[in-house]
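These notes are about the structure you will find just below.
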2 protein chains.
Amino acid sequence: MPERVTIYDVAAAAGVSTATASKALNDTGRMAVETRDRIRRVARELGFRPNALARSLTSKRSFTVGLLTDDTYGRFTLPVMAGISEGLIDQGVSVFLCTVEDNPELAKVHVDAMLDKQVDGIIATGKRIDKPLPVDLSHLPVPVVYALTVGPGEAVTLVPDDDQGARAAVEHLIAQGRRRIVHVTGPGSFRVVHERAHAYAETLQAAGLAVDDAAILRGSWSERWGHDAVATLWSGKDQPDGIFCGNDQIARGVIDALRERNVDVPRDVSVVGYDNWEIVAEQTRPPLTTIDMNLKELGRQAGLALMRLVNGEAVEKGLWKLPCTLVVRGS
Amino acid sequence: MPERVTIYDVAAAAGVSTATASKALNDTGRMAVETRDRIRRVARELGFRPNALARSLTSKRSFTVGLLTDDTYGRFTLPVMAGISEGLIDQGVSVFLCTVEDNPELAKVHVDAMLDKQVDGIIATGKRIDKPLPVDLSHLPVPVVYALTVGPGEAVTLVPDDDQGARAAVEHLIAQGRRRIVHVTGPGSFRVVHERAHAYAETLQAAGLAVDDAAILRGSWSERWGHDAVATLWSGKDQPDGIFCGNDQIARGVIDALRERNVDVPRDVSVVGYDNWEIVAEQTRPPLTTIDMNLKELGRQAGLALMRLVNGEAVEKGLWKLPCTLVVRGS
């Protein structure tokens, strides 16, 4: 393994003093342009890498940020992480990923380790927007941005615009000529369940369609619940011709259950999911039409907002709602 | 936002000079035990955090490692990451996650950013063990460990023991009384496809069962291929009573296709998958019996091996094969 190249190596190879080498590389002091250029060329050839830690001590910037998440499976965090990284890599910023589950002690250990490394800031993210991480980040000596998890009122918090996303789903079903549209969704303990259900009802109403509380079926975020919901819906009369599902897994269960009842999707019933989780959406038969929360873009914006805070620039506080996109496939 | 507490603040609050405060906190120099204890108590109360960057310059350790991956979806990398983090957090080590896709330039930018931050070492990981990352890590000034991606011969490379995993799958089918066992797997361009197929054939042979090349069906890593394979197998006579699938998605397609043909799993046919990808395995009807590659443990061991290299301790070079586990569910 090669040793790290130091400024002493550069000085020796260029035949100058360490002080001269340092001046040339830091562009300080006075010297002939040719000397400066020659020292820099030698440094490049040797693969000299200025010590970022030493630079950080001077600039008070470490060019690192921490991403703290309770989403162990990474389903929501990975796209957010990809967006942050994409947004900040050009600025030379690297991202610590810290997964803390629901464990307050582990969260504290990770936060302390990040602060020890003098991160420039922290992005808190998670798997639901109505559940805080198991650690209080409101009094840290570095800026914090919240993405897909709840932050205090005075913080910058980025979330997908669930109202707009749910409207887009229901409007798509209406545009397919569907008139008896039901909503099969997750547990009522989730805030997004209420937001999506509210947008569903308002969109029906705006289109002059009847709104029936019984047409909102709450259960779990699972394929199994999709099957059960279809069994319930098809046990009565007046079956729906459109189903807006609260996530893609429910939608997959719904579509499988419909196929097993010889109900054709999309001829007899149109189905729209939520999440655009490709591994589920693309393998569904037919492939699933669904709402994409654009989590990568959300991560990118969270990273850029954090950098503005780090640089002392003005950033609008409060809740930022980012638009969702309808992805039309075969259902 | 509170300012960072500095050693000056500690000194002022304790009513001592900065030099004395520094000596007390670094446990150097001579002073009364009571003075030292008092200064430390004041530092604790103020929330003083010794500057890890400054410490790093002295110790030549940054207590950071980089995880470089081409697995954008994170399916394989997330459990590896969780294991590394779990293994190293007690040592105060934080992990940079860098996702590089197949992009050599992006990979170089990430590696440079990590080296700039003086990472103690790098773990390279990916989505297949026979495909190198798009960047050469063999001449870096820090140790590199490879996990789930191919490294040079003289490196430490950790992979799941695919031979043992595939044997465990086939032995389980034989133990269920199955005698006509086929293997439905992925594309022949993947090394694991050959390793698993080889282990499948040897295990049948060892049990005195007939081995037929036509019983190894290669396709894509998709549910769709599981459906197609069942259509092929059930178009002939002499249908199998056991199916070992190359991954969980194929197994899910196989099981769905069998149900649609009214073939009962596990009464008529037993099915074993590979990966223990819970989102697929648990939602399959019946839930899928499968092989777990223990990627979290693999990550933990990769992290610990890297730390031994960082500390200059002896580490056995070459390929480390880590055991897989059979997870019995309903299929």
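Atoms considered below: every heavy atom in the structure, side chains included; atoms not considered: hydrogens, waters and symmetry mates. To find a chain, count down the sequence lines: A is the first, B the second, and so on, and within it residues start at 1.
Contacts between residues 80-89 of chain A and chain B, counted as heavy-atom pairs separated by less than 4.5 Å, involve A:M81, A:S85, A:I89.
When each of A:H227, A:R259, A:Q249 is checked for heavy-atom pairs under 4.5 Å with chain B, A:H227 comes out on top. Heavy-atom pairs under 4.5 Å with chain B peak, among A:T77, A:L67, A:T64, A:V280, at A:T64. Residue with the most contacts toward chain A among B:V109, B:L78, B:T99: B:L78 (heavy-atom pairs, distance under 4.5 Å). Considering only heavy-atom pairs separated by less than 4.5 Å from chain A, the leading option among B:M114, B:R224, B:R252, B:H110 is B:R252.
Nearest approach of A:S94 to B:A113, heavy atoms of both residues: OG-CB, 3.6 Å.
From A:C98, atom SG reaches atom CG of B:L97 across 10.5 Å, with rounding to the nearest 0.5 Å.
In this structure, A:E105 places its CD atom where only 12 or fewer heavy-atom neighbours from other residues, nucleotides or ligands lie under 6.0 Å away.
B:E282 does not touch chain A: none of its heavy atoms, backbone or side chain, sits under 4.5 Å away. Only the side chain of B:D256 comes within less than 4.5 Å of a heavy atom of chain A; its backbone N, CA, C and O stay farther away.
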Would you sort out whether A:W277 and B:I279 count as a side-chain contact (heavy atoms from CB on, under 4.5 Å), showing the intermediate values? CA-CA 12 Å; A:W277 197 13; B:I279 197 67; 3.4 Å; yes
